[in-house]
Structures are given as C-alpha cells and as structure tokens.
Number of protein chains: 2
Amino acid sequence: MKKVLDRCEVVCINHEAVNRVREKMLDEEVIRSIADIFKALGDPNRVKIIRYLAQEELCVCDLAQLLGMSLSAVSHQLRALRSRRLVKFRRQGKIVYYSLDDAHIVDLFNQCLDHVTHD
Amino acid sequence: MKKVLDRCEVVCINHEAVNRVREKMLDEEVIRSIADIFKALGDPNRVKIIRYLAQEELCVCDLAQLLGMSLSAVSHQLRALRSRRLVKFRRQGKIVYYSLDDAHIVDLFNQCLDHVTHD
DNA sequence: AGAACACTTGAACAATTGTTCAAGTAATAA
DNA sequence: TTATTACTTGAACAATTGTTCAAGTGTTCT
C-alpha cells in the first residue's frame with residue numbers, strides 16, 4: 001500500500017518564492033478596488049462612453065444616439081460608471097449632462113490605448 | 001389626435017456635439033481590444049496573479065497555493081491572461097513557469113493602484 | 001393642473017464568466 | 001513500461017452581467 005493524497009500541496013511548491021512574493025501582496029480590499037475599476041472599463045460600450053466624455057460633456061440622449069443604444073441601456077451603464085466614481089453628472093432643466101469625474105481615468109485609458117496600438 | 005412617436009430620437013439631441021465627438025471615435029476593433037485588456041484585468045484573482053508575477057516568475061502550483069485556488073482554476077485564469085498576451089510561460093521539465101509578457105501591464109496596474117489609493 | 005420630456009429604476013431574461021470535476025497530455029522517475 | 005508529477009482542457013453548472021421592457025421621477029411647458 002502506497003501513500004495517497006498530500007500530493008501537490010506539498011511537493012512542487014517553492015516555499016521561498018511563495019513567501020517572498022506573498023510579503024508584497026496588497027490588501028484584499030485594494031485588490032478588489034483595482035479589479036473593480038478595470039471591470040468597469042471592461043466593456044466596449046463603457047469604453048466608448050469614456051472616450052466620448054473625455055472630449056466633452058454629453059447628455060444621456062446624445063450618448064444613446066452615439067452608441068446606438070436605448071436610453072435605458074445607456075442609463076444603466078452610466079450608473080455602473082457613476083457608482084465607481086468614474087463619471088459625474090449635472091442636471092440642467094430636464095437634461096442630465098455627464099462628464100468624467102476623474103482625469104486619471106483618461107490617463108489609464110490612453111495608456112491602454114498605447115498598449116493596444118502596440119508602440 | 002396628436003403626433004405620436006419620433007420623440008426622443010429627434011428632439012433632445014445636440015447634433016453639433018454628437019458630430020464633434022463622433023469624429024474622434026476610435027475604430028470598433030481598437031475599442032474592443034481596449035475593453036478586452038481591461039476585462040482581463042477585471043477580476044481579483046487575475047489582478048493578484050499579475051501582482052505576483054510582477055515580482056518574479058512562478059509555477060502554476062505556487063500560484064495556486066498563493067491564491068488558495070485549485071490548479072485547474074488557476075490554469076483557466078492563466079489561459080485567459082495568456083490569450084491576451086499578458087503573461088507568457090516556459091516549461092522546465094514538468095514545471096511550467098509563468099511570467100509577465102509585457103512590462104506595460106505593470107505600468108497600467110500601478111497607475112490604477114495609484115488611482116485607487118487616491119493620490 | 002395636466003401633458004410632455006429626459007431620464008432612472010426594478011424585474012426578467014439571455015448571454016457571459018468563473019469554478020469544479022473528470023479526463024487528458026507531457027515530462028520525469030522507478 | 002508503468003507510475004507519478006504538473007499541469008491543461010472540455011463539459012457542466014452556478015453566479016454575474018447587460019439588455020429590454022414597463023413603470024416611475026423630476027422638470028418644464030401650456
């Protein structure tokens with residue numbers, strides 16, 4: 001009878017490396033925040049919204065026209081961006097104008113753009 | 001009897017603004033690539049993988065240990081990162097070592113980190 | 001006050017994603 | 001050659017996401 005179990009958990013791990021990199025790991029909450037920002041930007045329609053709003057503020061109706069989406073769908077996407085503090089809005093009469101809440105997002109966007117259009 | 005329909009499609013749109021921003025929109029494919037990169041980074045486990053690999057190359061087993069995930073789950077996530085060319089691997093005997101494929105990703109990561117830990 | 005406009009919201013539903021499980025592959029060891 | 005190790009892969013399944021639809025705000029106009 002041979003020993004069974006306790007295989008991979010013990011055998012192949014490089015403990016020094018594991019302990020080394022573990023020390024520099026960020027807090028769980030920071031990791032979640034980072035993933036959350038990236039996730040918010042991880043949809044073509046939201047990428048377009050960011051790109052449009054990077055140029056100038058626009059109302060929901062204009063965005064819907066530009067994106068070829070329903071008002072409702074755009075509003076839902078804006079809500080996602082709003083809750084992550086990526087966009088903000090101001091109301092002027094009946095019209096709601098959205099704009100970027102944070103200039104840093106444009107930097108993040110542009111850096112990704114550089115990467116994609118491989119420099 | 002009043003006119004019905006053709007409401008929002010015609011009424012509230014600011015045509016000048018729409019045309020202005022539309023001119024500077026990127027190609028559909030570029031948009032998709034950008035969204036795809038962000039989406040790949042939009043998961044806490046993959047964010048951690050990037051963070052770990054930014055320090056040094058690691059085998060799948062070490063990553064599984066660090067993440068508290070099964071080998072299979074880690075392998076699937078690495079596949080997602082691999083297909084986007086965010087990580088690469090080399091095989092040494094039975095062990096497969098993963099590392100970052102592109103230093104730019106670390107810049108993107110760090111910029112997002114700066115944003116999250118609000119500068 | 002009532003009607004119209006420019007949205008917002010919640011529920012429902014399809015599509016996508018992440019994990020597990022079982023089976024498969026490539027390399028080394030016995 | 002067979003067994004073992006270190007993964008990889010495909011199918012299945014639950015959880016999450018994005019859209020639509022219907023109903024609801026808040027503001028202006030009449």
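Chain identifiers are assigned alphabetically (A, B, ...) following the order of the sequence lines, protein sequences preceding nucleic acid strands; residue numbering begins at 1 within each chain.
Proximity of B:Leu66 to B:Lys48: side-chain heavy atoms (C-beta onward) are nowhere separated by under 4.5 Å.
If you measure from atom CG of A:Leu78 to atom P of C:dC7, you get 10 Å, rounded to the nearest angstrom. Nucleotide C:dC7 holds its P atom 17 Å from the CZ atom of A:Arg79, rounded to whole Å. If you measure from atom CG of B:Leu63 to atom C1' of D:dC7, you get 12 Å, rounded to the nearest angstrom. Whole-Å rounding puts the B:Leu67 CG to C:dT20 P distance at 12 Å. The CG atom of A:Leu71 sits 13 Å away from the C1' atom of D:dC21 (whole-angstrom rounding). Per the geometry, NZ belonging to A:Lys39 stands 9 Å off C1' belonging to D:dT17, to the nearest Å. Atom pair A:Leu58:CG and C:dA6:C1' shows a separation of 15 Å (rounding to whole Å applied). Separating the CG atom of B:Asn45 from the P atom of D:dA15 is a distance of 17 Å, rounded to the nearest angstrom.
In this structure, B:His76 forms no aromatic stack with the base of C:dT19, since the conditions of centre separation below 5.5 Å and plane angle below 30° are not both met.
Using modelled atom types, no side-chain atom of B:Asp101 and backbone atom of B:Lys88 make a donor-acceptor pair closer than 3.5 Å. Put simply, the side chain of A:Asp27 never gets that close to the backbone of A:Val30: no donor and acceptor are under 3.5 Å apart.
Taking every side-chain heavy atom of B:Gln77 into account, C:dG18 is the closest of C:dG18, D:dC7, C:dC7. Comparing D:dT27, C:dA27, D:dG18 by their nearest atom to the side chain of A:Lys94 picks out D:dT27.
Residues B:Arg90 and B:Gln92 have side chains that bring a donor and an acceptor to within less than 3.5 angstrom of each other. With hydrogens and angles left out, the side-chain atoms of A:Arg82 and A:Tyr98 include a donor and acceptor closer than 3.5 Å.
Applying the 3.5 Å distance criterion, the base of D:dT9 shares a donor-acceptor pair with the side chain of B:Ser72.
Contact between the side-chain N/O atoms of A:Tyr98 and the OP1/OP2 oxygens of C:dT8 is found at a separation under 4.0 Å. Contact annotation: B:Ser75 side-chain N/O to D:dC7 OP1/OP2 distance is not under 4.0 Å. A sub-4.0 Å separation between OP1 or OP2 of D:dT27 and a side-chain N or O of A:Gln92 is absent. Within the 4.0 Å cut-off from OP1 or OP2 of C:dG18, at least one side-chain nitrogen or oxygen of B:Arg46 is found.
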